[in-house]
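Each remark here refers to the structure printed beneath this line.
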Amino acid sequence: MMTLLLIVLPLLGALSLFVMKGDSIKKTAFAISLVTFAMAIGAWINFDASNLSQYAFKQDWIPSLGISFSVNLDGLSLLMVLLTTFLTPLIILSTFDREYKNPLAFYALILTMEMALIGVFVTQDAFLFYIFWELALIPIYFISLLWGGENARPITFKFFLYTLAGSLLMLFAIIYLYLQTPEHSFAIEAFHKVILAPETQSWIFWMLFIAFAIKIPVFPFHTWQPSTYHMNSTPGTMLLSGIMLKMGIFGLMRWLLPVVPQGCIDNADYVVILATIGIVYASAIAIVQKDFKKLLAYSSIAHVGLITAGVFSFTDNGLRGASMQMLAHGVNVVGLFFVADILFNRTKTFEMKDMGGIRSKAPWFATLFLIILLGSVALPLTNGFVGEFLLLLGVYEYSNVIAAFCGLTIILGAVYMLMSYQKTMLGETSAATKDFTDLTFNEKAVLIPIAIVIIATGLYPKPLIDLVEPSVQYILSFINI
Amino acid sequence: MNLALLIPVLPLIGFIINGLFGKNLSKSSVGLIGSGAILGAFICTVVVFVSFVSGGSAATTVKAFDWLVIGDTTLSFSFFVDQLSLIMMSLVTGVGFLIHVYSVGYMHDDENYNRFFAYLNLFVFFMLLLVMGDNYLVLFTGWEGVGFCSYLLIGFWYKTPDYNDAAKKAFIMNRIGDLGFILGLFVMFSEFGSLQFTEVFADAAQYSEGNPAILGITILLFIGATGKSAQLPLFTWLPDAMAGPTPVSALIHAATMVTAGIYLIVRSHILFNLAPETMCIIAWVGAITALVAATIAVVQNDIKKVLAYSTVSQLGMIFIALGVGAYTSSMFHLLTHAFFKALLFLGAGSVIHAMSGEQDIRKMGGLKKALPLTHITFVIGCIAIAGIPPFSGFFSKDEMLAHIFNDSPALWVVASATSALTAFYMFRLYFLTFSNGFRGTDHQKHHLHESPSSMTTPLVVLAVLAAFGGVLGLPLELFGLEHGHFLQNFLGLEDSSFDLSHETEIFLMLGAVALAVASWLLAKRIYKEKQTLPAENVTGIQKLFVGKYFLDEVYEKVIIRPFQLLGNALYIFIEERVIDPVVNAFGTLSVKKGNFVKQLQQGNTGFYIFGIVAGVVLILVANLIWFR
Amino acid sequence: MNVLILISCLGLLSLFVGLSDSLRRYSLQVIVAGVLALFVLNFFNWNQENTRYYHDMVNFDHYAVAFTGVILFVAALVFMLSKDQFNFDEKGTGDYYGIMAFTVAGAIMMVSYSNLAMLFIGIEALSVSLYTLAGSKKTSHESNEAALKYFILGAFATGFLLFGITMIYGATGSFNLAEIAAYVNGSKDLPYLFYAGLLMLMVGLLFKVSAAPFHFWAPDVYEGSPNIVTSFMATVVKIAAFAAFYRLFSTCFGGASEQWEMILSAVVVLTLVIGNFSALAQSNLKRLLAYSGIANAGFMLLAIVALKGDAASALFYYSIAYAAASLGAFAVLILLSEEGQTLSIDSLRGLGKKNPVVAVLFCIVLLSMAGIPPTAGFFAKYFIISTAIANGHLAVSLIAILTSLVGIYYYFKIIATLFSAPVEGSENTIAEKKSYILILCAVIIIAAGILPELIISLLR
Amino acid sequence: MNEITSTIQVVPLEYYIFLSVTLFSIGVLGMLIRRNAIIAFMSIELMLNAVNLLMVAFSAFRGDAKGQVFVFFIMVVAAAEVAIGLAILTMIHHNRGSVDINALNKLKW
Amino acid sequence: MLEYVFYILSAISIACALLMVFAKNPIHSVLFLIGTFFSIAGHFVILNAHFLAIVQIIVYTGAIMVLFLYVIMLLNLNKESESTKPNIVKVAAVVSAGLLFLVMLASFKESIAIPLPEGTDGIGSVKNLGKVLFSEYLLPFEASSVLFLSAMAGSVLLAKKK
């Protein structure tokens, strides 16, 4: 029931906004997202990680087609739900000092998005998964289109159609799998039972993988991403980068590995190589970016490339690392994009060469940025390290040469992140930054929780790892037959 | 033993207080908190040390909390208290405390006073993690953490772009090494299934010499060490790191952080002993680094740069010793070097303080009178580093040289040459700074003054240590006790066998001393008596030295530029000309196709009839072909 | 059966109402009330024991009753939408309603026939009425042109249809579906005559459902006809045509499926490609809907390709989803045209600001057309694709899925326009308008999306 | 009445098919080649007649009256269509003064 | 003997059909079409469909073609004013119609072996046809009245002037 409530609450919240006026809209939206977060925490408190189906809710929906509204929480789902519900209030809070036109629609869309995202993470039915998956795309389409910056329309369309193309392939694969299930059911257990020939698994694998890969995005399916992140309003970018791309990785772990294990094993080499190329490629491009937001976009590609490689190492370390890094990346990237937003808000530019010296003007800002940056470059005792270490270890167990290449992210990540920090924060102030003001209360209220989470989960990740451990083992049990 | 937990925690508390609330505290309380935290840690260390020794010197593990789950094991955040870590802890907290005290005076006028102490405390925290960790991952945590603090402190004066570049360079070069380190950990984990020191070493005992996995682990760990301890090819960051405040140079870039590589190898010596090839590489990398850095130091004119290259050179020497398996002497030299190099840096800081920030020794001279205390301590430091008895450097260096000779005379030649050069450039530095007349501006001359007592006290303490630190390594036979010396017996490391005769030993000792004294005299002749100043334009091989072997330029041309070009090329040619257009092509093609298909709709009924007829014909033909 | 008789009577009644000067203004009420009453009456035909009437001319089985219900309901909606739409001359309204009622009668024949003669008469009753309706705006050149094009091409296609029927008669000696089916299933080697006849018959039907390459009439006729007639054609007529198509092929020709499957698959692909890509390049909303109708036809044909399994319920669901979405779109179109707006997509700019309710409802409609869950449009496409895959038509299903991406593009282009800033200087005057039909359609779309089981279980 | 059987005996069904297809094709040709709507209508009538002929032939060869009944319906429909078609034509001629089917291409693309 | 009748009738119908298509004047086309209809009525006769033959003449020539003539006269279309299509289109038209002809022929030429019917004498008679039509085919018959009604109302609506 709790799981259902987690889905329904944001939706009801979104609807309730329609009776609100003025400032109370965003406050209500924030309150609702906080309550959702509290519920997720509540779910966590009484959680028994070893039980893979908790707070389950199941209601037949289209029984004749074996479709049911079946949701529950396991460790992995709960982790993602925690991420989503933690970030959404922050994303909403990040807008408090900004003016967005038509706030009613804006916050309603954000809450709807939260609903769809939670749905994606908790569903146990492939059909429902697909529905939430698509449903998540609609709010972000509108957010991109209506609140996006320059060239919002063509860029939104590219992003939208690109991801949809992948989704449609996924739909095809899901239907095919459904038809192969013995009892004609969309339930994930039924999918687990499907036995397919290796060749069939292979093409199903690619269909599903491309869908996820576009969302993640894995090189070379990434080109929608930098422009979309760059053009979008900050909440849009945060939603996309912080939570939405996790859908792809989550999809890999929940819907790809256990369902077509042989296909995964047969094609893992290609995927890992693509991911590795993506890491180096995106890092190299990030290094030469002059625009801060684009730099973040490319850095994100590099990070998720590593996560993908980790997932496809099929090792417990790789999957644990992927889970941890999903959380870490979500938190960090939201923080970083908010930093970009603050920079843009004060300087009206994303060009790093026009900035500098902000540290002396805004010590709070500089320090919090630094902490988030450390998470991003995976310094030990920050959240990024936990994930990255486990991921690299996982990849190493898969192939030591590839691990060496993936490991370049340790160096290259430091190069571009420190470069951006230096260009924006250090040095003498410029014309654009001479009147830079330090963080407002609301801005602090966003960045400080992020910083705390970065350090707290870096210092003591064990509860989280314990949380996902049974799920990871369960996923692996399909691969290691 | 749980007191050990407090040792790293105290600096952390200091960091948090100073970092979060330092802005609102008075400078004196900031200094008090910062230094007090380290002092507390030092006291705790001493207490732990004493109880450790009195408790029969049994290594113990103190667990803080479970940290990570890797593979099938849970890695805990635990501290390991044994002889080695205790020595390092004492060094870190002891020297660290002195430098904190020194900083109270040195940084007194800085607007970011609290930030400085916060960073220093954080550094000490990470350094303690590094030396106290009971597994490689905690060690790595400290390892990365000190690198990060070094970044913060080098770029402490962040308004100057050069300093920021230096900080970034330091961090990134460290990270290159760290990649090696972390890969080494992976190999280790997959080989031993653990990263716990005790477990790894216990397992390693079953491996025979020359095992490829061990070889891989040791080489990768050594790559990590080259980054942190500034060895070729990753040493160029250290001289640039002098951009940071001088106490930082003393603490991080002389006494503690840069010795982390040595600590790592000594800590893992059981593995390294199984990999003779790696040892050979270490020795030669150390040798080349030592010589290269020494030659560069000879022509440097920046007081701190001379010391920096000297540090690189000395570390190189230690690596030679490590490479020949002389772990105890390495540790010995590490300690004495920490004393005298910290002393020298702090002395240099005192000089710079007096000179209002001037660092060029050509513009100094004759400071003997103005800075008497600094002068005395600096001389002690110079003599110690030059290896002239009876100061500490003599003992440690001599011991290393003897071991090196024992293993490879060729290395010994290099090491001795380095040693001679060390004496030369140190006294060059000394004479140019303190002797003869003052060469600076009138304003500077007017301003010259001895530093406050908060700065000189640490100098004196360090001078005493630099002078008498050699006691640690006095052969116990002199006192009629058993074989070896105090440090050796205490550490109980598995050094390589040592079979030189006493005669050879004494001969080597005398030779080294003679060389050092000769170098001293040569420096005195050139720089004191002839009053030669380093030329503006250098010629011949000196160009190479002044240009620092053009390593920075080579890196720039061979690695950095090509990589940037690659990034640009990927961005412009692959991203924007291939991948993106391919994706966009689907869109544009669709629209084009739409416009084409649209043209079919001519509006002309006759044409539509054609369409229908054509359709029927096609269907019937298809039917005829397929199903006839 | 009673429904069929009564709808014809209703048409007659409308004609009479149209004649009387005093009753004329009630003609709309009469027809709407009549059709709704029939819709209710139709429910009683469900699960009747004897479904075959008049020497097995018509068979009101579940399939027929279900589709009759849909046709009546959609027709009722179209009639409701038609207020003030037939105001070309004062006297004609009742006549138009009468003719439309006859069209519905033809449509009901098309969904319930069990004899080719009834199919033929049904198609012709439908077509002949539509020729008139297409040209009903007599002073408009577009309407004239639409009527003539529709007539010439329609009659031409009838020729092929008849040729096909003749051939099948020649081969089987019967017009009765059951007998033909028995013949098909009974003999191993069907004569070639039969196959060719089958294909000619298929051509005739493909024309009616506007499948490529027999679709050319559709965009022109849709655009030229009065809006209300277009909405009628796009919904009632199309559903009837598909129902007839499916009924024929599933009852009679399933046994010979390997013969036409490939050809029909090729037609599906061609239809999807032409429909979607042409729609992509449209700037006129009505014409875009016409092409989107062609694309939808491609999808519905896929159900016929699949034929087995749940294809009937898939087609049924699709019909409802498609009709609801189309009607919603036409409701907006009619709102626009009532205000004298051009029907270009750009005239929708700023609607989101001026009239958010209509904009959001239209948005729901468009989402359904694009096939975004959880709207009815998604399930419609899903059921069809699922059935097609289940019957092994993987390649054509994949193409259908991918071409629907193109569809998504142009539907979302409209959505984007709805919410983009209005053109400078132009006053969008539909600000105050409401359309209950639009609301109803949106509700149906959402309800059918949330509870699809209710609909698909009907024909299982 | 035994003439019928003899007709069937002397003229094979194929001939009727041939004749019917020929007439049908001529009708199609007329549709394709002429622009005059009246001629197009007549071509359609010709096509329908070709179908009628064939239908009657089948009916005769099968000895089954249903075919002939169907022809009856075809005639009915043809008559109805002609009525509508000519009405449309009249209307268009009234509006535009031409019955050239290709001149009607306002609606396109 | 009968086969010659068949050939002659066939020749007439094909020739008249062709002339109908190619005649410049619509009036001539109408007349040629009537010729075709007559010859088809002849075919009906030799196929023993006497009733249909009569209906053919009455409905087609008597009603439909007269309607055509009437419209042509009414609209003054009896001029040879039709702008001809370009030659390329004509060639294309002939080619496609020819192709259709060939393909249909190829598809249909294999007839089926229909067993010779027995007792088929009276099938084309009014009595027999009436029986079939008003028993078995009553519903289509009634339904076609709907069609007629619709066509009637439609024609009136469209053709009447304001």
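Every chain is numbered from 1, with letters handed out A, B, ... down the list of sequences.
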message: Does any backbone or side-chain atom of M65(E) lie under 4.5 Å from a heavy atom of chain D? Answer side chain, backbone, both or neither.
response: side chain
- prompt: Ring centroid separation for F24(D) and F101(E), is it under 6.0 angstrom?
  reply: no
message: Measuring only between side-chain heavy atoms, which start at C-beta, is L46(D) closer than 4.5 Å to M20(E)?
response: yes
4.5 Å side-chain heavy-atom contact, Q68(D) and N128(E): no
field: Neighbours of chain D found in residues 12-19 of chain E - heavy atoms under 4.5 Å
entry: S13(E), I14(E), A17(E), L18(E)
field: Interface moiety of V5(E) toward chain D, non-hydrogen atoms closer than 4.5 Å
entry: neither
Close side-chain approach of F68(E) and E45(D), heavy atoms under 4.5 Å: yes
message: Using 0.5 Å steps for rounding, measure from the OG atom of S155(E) to the CE atom of M91(D).
response: 11.0 Å
query: Any idea which heavy atoms bring A159(E) and A87(D) closest together, and the distance?
result: CB-CB, 4.1 Å
task: Name the region of L33(E), side chain, backbone, both or neither, that has any atom closer than 4.5 Å to a heavy atom of chain D.
output: side chain
field: Side chains of L67(E) and V82(D) in contact at under 4.5 Å (non-hydrogen atoms)
entry: yes
message: Between V71(E), L74(E), L100(E), L147(E), who has the most heavy-atom pairs with chain D when the cutoff is under 4.5 Å?
response: V71(E)
message: Ring-plane angle category for Y7(E) and Y15(D), please: parallel below 30°, perpendicular beyond 60°, tilted otherwise.
response: tilted
task: Would you check, one step at a time, whether the test side-chain contact (heavy atoms from CB on, under 4.5 Å) holds for I33(D) with V21(E)?
output: CA-CA 8 Å; I33(D) 212 164; V21(E) 168; 3.8 Å; yes
F51(E) versus chain D, the contacting section by heavy-atom distance below 4.5 Å: side chain
- prompt: Taking the side chain as C-beta and beyond, is there a heavy-atom pair between V69(D) and L129(E) under 4.5 Å?
  reply: yes
message: Quick check on V94(E) against chain D: is it the side chain, the backbone, both or neither that has a heavy atom closer than 4.5 Å?
response: both
task: Please state whether the side chain, the backbone, both or neither of F73(D) comes within less than 4.5 Å of a heavy atom of chain E.
output: side chain
query: Top residue by heavy-atom pair count (under 4.5 Å) with chain D, among S150(E), A63(E), A151(E), A92(E)?
result: A151(E)
field: Euclidean distance, K66(D) NZ relative to Y137(E) OH, rounded to 0.5 Å
entry: 5.5 Å
- request: Sort Q56(E) into side chain, backbone, both or neither according to what part of it lies under 4.5 angstrom from a heavy atom of chain D.
  value: both
query: Roughly how far, to the nearest 0.5 Å, is the CE atom of M75(D) from the CD1 atom of I58(E)?
result: 10.0 Å
statement: Interface check, chain E: of I84(D), V28(D), T90(D), most non-hydrogen pairs under 4.5 Å belong to I84(D)
- request: Would you give the length of the straight line joining atom CG of L53(D) to atom CG of L47(E), rounded to the nearest 0.5 angstrom?
  value: 7.0 Å
message: Below 4.5 Å, heavy-atom pairs only: which of T36(E), V30(E), L52(E) has the largest tally toward chain D?
response: L52(E)
Which atoms of A49(E) approach chain D - backbone, side chain, both or neither, heavy atom under 4.5 Å: both
task: Below 4.5 Å from any heavy atom of chain E, which atoms of L19(D) appear? Answer side chain, backbone, both or neither.
output: side chain
- request: Determine, stepwise, if the pair S96(E) / L32(D) fulfils side-chain contact (heavy atoms from CB on, under 4.5 Å).
  value: CA-CA 9 Å; S96(E) 9; L32(D) 285 170; 3.9 Å; yes
Steps toward side-chain contact (heavy atoms from CB on, under 4.5 Å) verdict (I40(E), L23(D)): CA-CA 10 Å; I40(E) 288 175; L23(D) 288 174; 4.0 Å; yes
- prompt: Which bit of F6(E) is near chain D, if near means a heavy-atom gap under 4.5 Å: side chain, backbone, both or neither?
  reply: side chain
message: For N36(D) versus P26(E), what's the shortest heavy-atom pair and its separation?
response: ND2-CG, 3.8 Å
- prompt: How far does CG of N52(D) sit from OH of Y60(E), to the nearest 0.5 angstrom?
  reply: 5.0 Å
- request: Kindly indicate, with the supporting measurements, whether the criterion side-chain contact (heavy atoms from CB on, under 4.5 Å) is fulfilled by F32(E) and M42(D).
  value: CA-CA 10 Å; F32(E) 286 124; M42(D) 289 194 268; over 6 Å; no
message: As an exercise, state the distance from CG of L105(E) to OG of S20(D), rounded to the nearest 0.5 Å.
response: 10.5 Å
